[in-house]
Amino acid sequence: MPSEFALIDRYFRRRTRHTVLGVGDDGAIVRPSAGMELVVSTDMLVSGTHFLPDADPEDLGWKTLAVNVSDMAAMGAQPRWVVLAAALPAATESWIEKFSRGFFACADQFGIDVIGGDTTKGPRNFCVTIFGEVPPGQALLRSGAQAGDDVWVSGHVGRAALGLAHLQSRIVLEEPDRSECLAALHRPQPRVALGLALRGLATAAIDVSDGLLADLGHILDESHVSAHLDIPGLPPTGIERECRLSGGDDYELAFTAPAALRGEVEALVERLGLALTRIGSITSGVSPRLTFPDADGNPVEIHPSGYDHFGSGAN
Ligand code: ADP
Ligand code: MG
């Protein structure tokens, strides 16, 4: 196995686009765009918890960065720089080469410079810290939802969990569903363009990493409001319903926007080539927190279960 420094040089040192000083010194130097605020977020991926030990390294490299880019999207920020702290067992170089290929594919797609990190030997673990930019006061927070707002979600939430269920032989997916769901699981597409377009439009936003209801719940809690949901095409029971409501790992955006701006949100569907579905509305007060219509259309309270590392997770 080559030295730590040779590995870094070979697989993690690339030409940067908008960085004063990148990989190679004791620290990186960046110059934020004039007048912008920096948005900072970090996410860790641990073998056995976030990915299987035999995960495809190239997919894993993509996903390691994509989940962090997704946090920038949820903030309405333009992702700009990342640092990568990696613990690697005495892995073969071919594994690291593939991981790096997936990681830089995501960096290139979103115009992000990889500016530093740390590399150490240990159980496989990746921690990315990402920096993005947003005009002052324009970041999308979890705390801005207002009674009367529409609730929206992008893409097709539940696909990643369905893909996982397929891999675990809990269901059998036929084509084209199988490919779509496995792509959602292995190659999540962070909704950066949507996040940027939602500045000044959405009142609150979050990325769906732990399940739609669980993550929407964070918006409700931070905004001190509740929601009545009526999700088009949601099956009344079964695994698809469970995946759509509580499956994690989709990295779509859930957001709220004033009902008066419904037309502007709908216009984004064509502009971005991305499905956006109106799934309910925000109501005042904090209880009942989440309701669905029953067979007669009357609101019934539901209690979501999403993924919680220290609780009883659903997946
Ligand atoms: P130090 O001893 O000062 O911590 P290192 O030897 O850990 O420096 O790192 C050397 C350079 O390589 C630094 O610029 C660091 O940011 C960068 N680096 C280390 N590991 C990674 C990695 N996995 N990805 C990107 N850059 C890395
Ligand atoms: Mg170091």
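Every number for a ligand or one of its atoms is a count from 1 in the order of the listing. Note that this is a predicted model, so its numbers are computed, not measured.
- In summary, the atoms of ligand 1 found under 4.0 Å from a heavy atom of Asp25, numbered by their order in the structure, are 13 (C), 14 (O).
- For Arg14, the side-chain hydrogen bond (donor to acceptor under 3.5 Å, both in side chains) partners two or more places apart in sequence, or in a different chain, are Ser100.
- In terms of N/O distances under 3.5 Å, ligand 1 is not approached by Ile8.
- Between Asp221 and Arg289 there is a salt bridge, with a side-chain nitrogen of the basic residue lying less than 4.0 Å from a carboxylate oxygen of the acidic one.
- Between the side chains of Glu133 and Ser33, at least one donor N or O lies within less than 3.5 Å of an accepting N or O.
- Nearest-residue assignment for atom 23 (N) of ligand 1 (options Val82, Val23, Thr119, Val114; heavy-atom criterion): Thr119.
- For Phe99 and Phe126, the ring centers sit closer than 6.0 Å to each other.
- Ser154 and Glu252 form a side-chain donor-acceptor contact under 3.5 Å, judged by distance and modelled atom types alone.
- Proximity of Tyr11 to ligand 1 is not established, as no heavy-atom distance is less than 4.0 Å.
- Close contacts of ligand 1 with Phe5, meaning ligand atoms under 4.0 Å from a residue heavy atom, involve 6 (O).
- Under 4.0 angstrom from ligand 1, the non-hydrogen atoms of Glu4 all belong to its side chain.
- Close contacts of ligand 1 with Asp118, meaning ligand atoms under 4.0 Å from a residue heavy atom, involve 7 (O), 19 (C), 20 (N), 21 (C), 23 (N).
- Around atom 3 (O) of ligand 1, the closest heavy atom drawn from Leu88, Asp26, Val83 belongs to Asp26.
- Under the 4.0 Å criterion applied to side-chain N and carboxylate O atoms, Lys63 and Asp249 are assigned as salt-bridge partners.
- Under a 4.0 Å criterion applied to the non-hydrogen atoms of Gly24, ligand 1 contributes the atoms 11 (C), 13 (C), 14 (O).
- Checked by distance only, ligand 1 and Gly22 stay at 3.5 Å or farther apart across all their nitrogen or oxygen atoms.
- Screening residues 262-272 for side chain to side chain donor-acceptor pair (under 3.5 Å) gives Asp150-Arg262 as the qualifying pairs, with residues at least two apart or on separate chains.
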